[in-house]
Number of protein chains: 2
Amino acid sequence: MNLPKSEEQLMQYLWEMERAFMKDLIDRYPEPKPASTTVATLLKRLQKKKAVHFERYGSVREYFPLISKEVYFSKQMNGVIKNFFNNSVSQFASFFTSEENLSDEQLKELQQIVEQQINARKK
Amino acid sequence: MNLPKSEEQLMQYLWEMERAFMKDLIDRYPEPKPASTTVATLLKRLQKKKAVHFERYGSVREYFPLISKEVYFSKQMNGVIKNFFNNSVSQFASFFTSEENLSDEQLKELQQIVEQQINARKK
DNA sequence: AATGTATTTCTACAAATGTAGAATAATAAT
DNA sequence: ATTATTATTCTACATTTGTAGAAATACATT
């Protein structure tokens with residue numbers, strides 16, 4: 001599932017809000033806001049792609065995501081890692097940690113995170 | 001610079017080959033290979049976007065990337081991190097290192113890489 | 001009941017993308 | 001020279017994406 005920019009943006013908002021009515025979504029957009037019909041179209045397309053669904057409240061619909069941000073995101077990452085690093089996570093990691101991409105502080109943070117994760121797994 | 005799939009794929013090959021003639025590129029594609037005109041169109045579009053250029057050898061052209069894989073990739077990543085992790089690299093890192101995303105071995109590898117990087121920086 | 005507000009559906013249309021045929025030009029091999 | 005191979009340019013066309021107007025609906029409020 002690879003969504004186009006505009007749909008991904010909308011999903012982003014939905015993930016953040018968890019559930020939302022049209023109005024809330026439009027409110028969420030920064031100026032200049034898209035026409036409501038534009039948002040409606042995007043929602044329609046996302047429904048077709050089974051990425052969102054809604055619950056009826058009388059005649060209003062409360063939309064919610066059908067795919068989680070985590071799952072969507074990790075698929076994105078896998079794609080990137082596969083394409084750019086020939087499926088080698090370590091190659092990715094070393095890119096990720098290289099000078100231009102992580103500051104010293106961030107690198108330390110990462111080190112901590114890795115430590116913690118390792119300890120956590122030692123259960 | 002965000003290239004569409006088909007163009008990105010071609011860039012991928014170009015990065016890998018560094019320089020290539022049409023023929024080499026087509027050879028590089030797996031079956032079913034695209035028509036040569038398709039590749040030509042993609043190259044044309046990539047030239048317009050200043051992503052590739054070529055050097056004439058008589059009448060043949062040897063194509064090469066104008067943007068590096070590293071730069072392109074890191075922009076991609078920044079976009080992803082910005083969109084999905086609200087610009088927090090550490091949030092990204094912790095997602096990245098979580099159970100479902102990295103195996104124990106990979107995590108160890110990452111640890112090593114981080115160590116090395118930290119040492120390297122201490123220069 | 002009449003009107004304003006929010007929503008949905010349909011339709012539309014330009015731009016971007018994926019793919020490739022026809023025609024042409026240039027080169028290489030016989 | 002003639003032919004086969006390769007590359008290039010142009011044109012074309014179906015899909016997908018970005019964006020939204022018009023019309024129809026439903027609901028809320030005067």
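Given the structure is predicted, the values throughout are model-derived calculations rather than measurements. In what follows, chains are A, B, ... by sequence order, proteins preceding strands, each numbered from 1.
- Salt-bridge annotation for Lys23(B) and Asp27(B): present, with a side-chain N of the basic residue lying under 4.0 Å from a carboxylate O of the acidic one.
- Dashed line: the shortest gap from a side-chain N or O of Tyr29(B) to OP1 or OP2 of dT19(C) is not under 4.0 Å.
- Judged by atom type and distance alone, Arg45(A) reaches the base of dT19(D) through a side-chain donor-acceptor pair under 3.5 Å.
- Distance Glu7(B) CD to dT17(C) P: 6 Å, rounded to the nearest Å.
- Between the CZ atom of Phe21(B) and the P atom of dT8(D) there is a distance of 10 Å, given to the nearest Å.
- Atom CD1 in Ile26(B) sits roughly 15 Å away from atom P in dT5(D) (whole-Å rounding).
- Between Arg56(B) and Glu62(B), none of the side-chain N atoms (NZ, or NE/NH1/NH2) sits under 4.0 Å from a carboxylate O, so this pair counts as no salt bridge.
- The CZ atom of Arg56(A) sits 12 Å away from the C1' atom of dT25(D) (whole-angstrom rounding).
- When rounded to the nearest whole Å, the span between OH of Tyr57(B) and C1' of dA7(D) equals 17 Å.
- Note on Thr38(B): every side-chain N or O is 4.0 Å or more away from OP1 and OP2 of dG18(C).
- Electrostatic pairing of Lys69(B) and Glu16(B) does not count as a salt bridge here, judged by no charged N lying under 4.0 Å from a carboxylate O.
- The shortest distance between the side-chain N/O atoms of Lys23(A) and the OP1/OP2 oxygens of dT7(C) is not below 4.0 Å.
- Contact annotation: Lys49(B) reaches the phosphate of dT17(C) (side-chain N/O to OP1 or OP2, under 4.0 Å).
- When only modelled atom types and interatomic distance are considered, Glu8(B) and Tyr72(B) share a side-chain donor-acceptor pair under 3.5 Å.
- Straight-line distance from the CG atom of Leu43(A) to the P atom of dT17(D): 16 Å, rounded to whole Å.
- Where Leu42(A) and Val60(A) meet DNA chain D, the nucleotide closest to each residue was compared, and Leu42(A) sits on the side nearer the 5' end.
- At a threshold of 4.0 angstrom between heavy atoms, the contacts of Ala35(A) are confined to the sugar-phosphate backbone, with no base atom among them.
- A donor-acceptor contact under 3.5 Å links the side chain of Thr37(A) to the base of dG21(D).
- Atom NZ of Lys48(A) and atom P of dT9(C) are 13 Å apart (whole Å).
- Put simply, Thr41(A) has no side-chain N or O that comes within less than 4.0 Å of OP1 or OP2 on dT19(D).
- Regarding Phe54(A), its CZ atom lies at a distance of 15 Å from the C1' atom of dA26(D), rounded to whole Å.
- Between Lys44(A) and dT9(C) there is a side-chain N or O to OP1 or OP2 distance below 4.0 Å.
- Aromatic ring centroids of Phe84(B) and Phe92(B) lie 6.0 Å or more apart.
- Side-chain nitrogen and oxygen atoms of Arg61(B) include none within less than 4.0 Å of the OP1 or OP2 phosphate oxygen of dA26(C).
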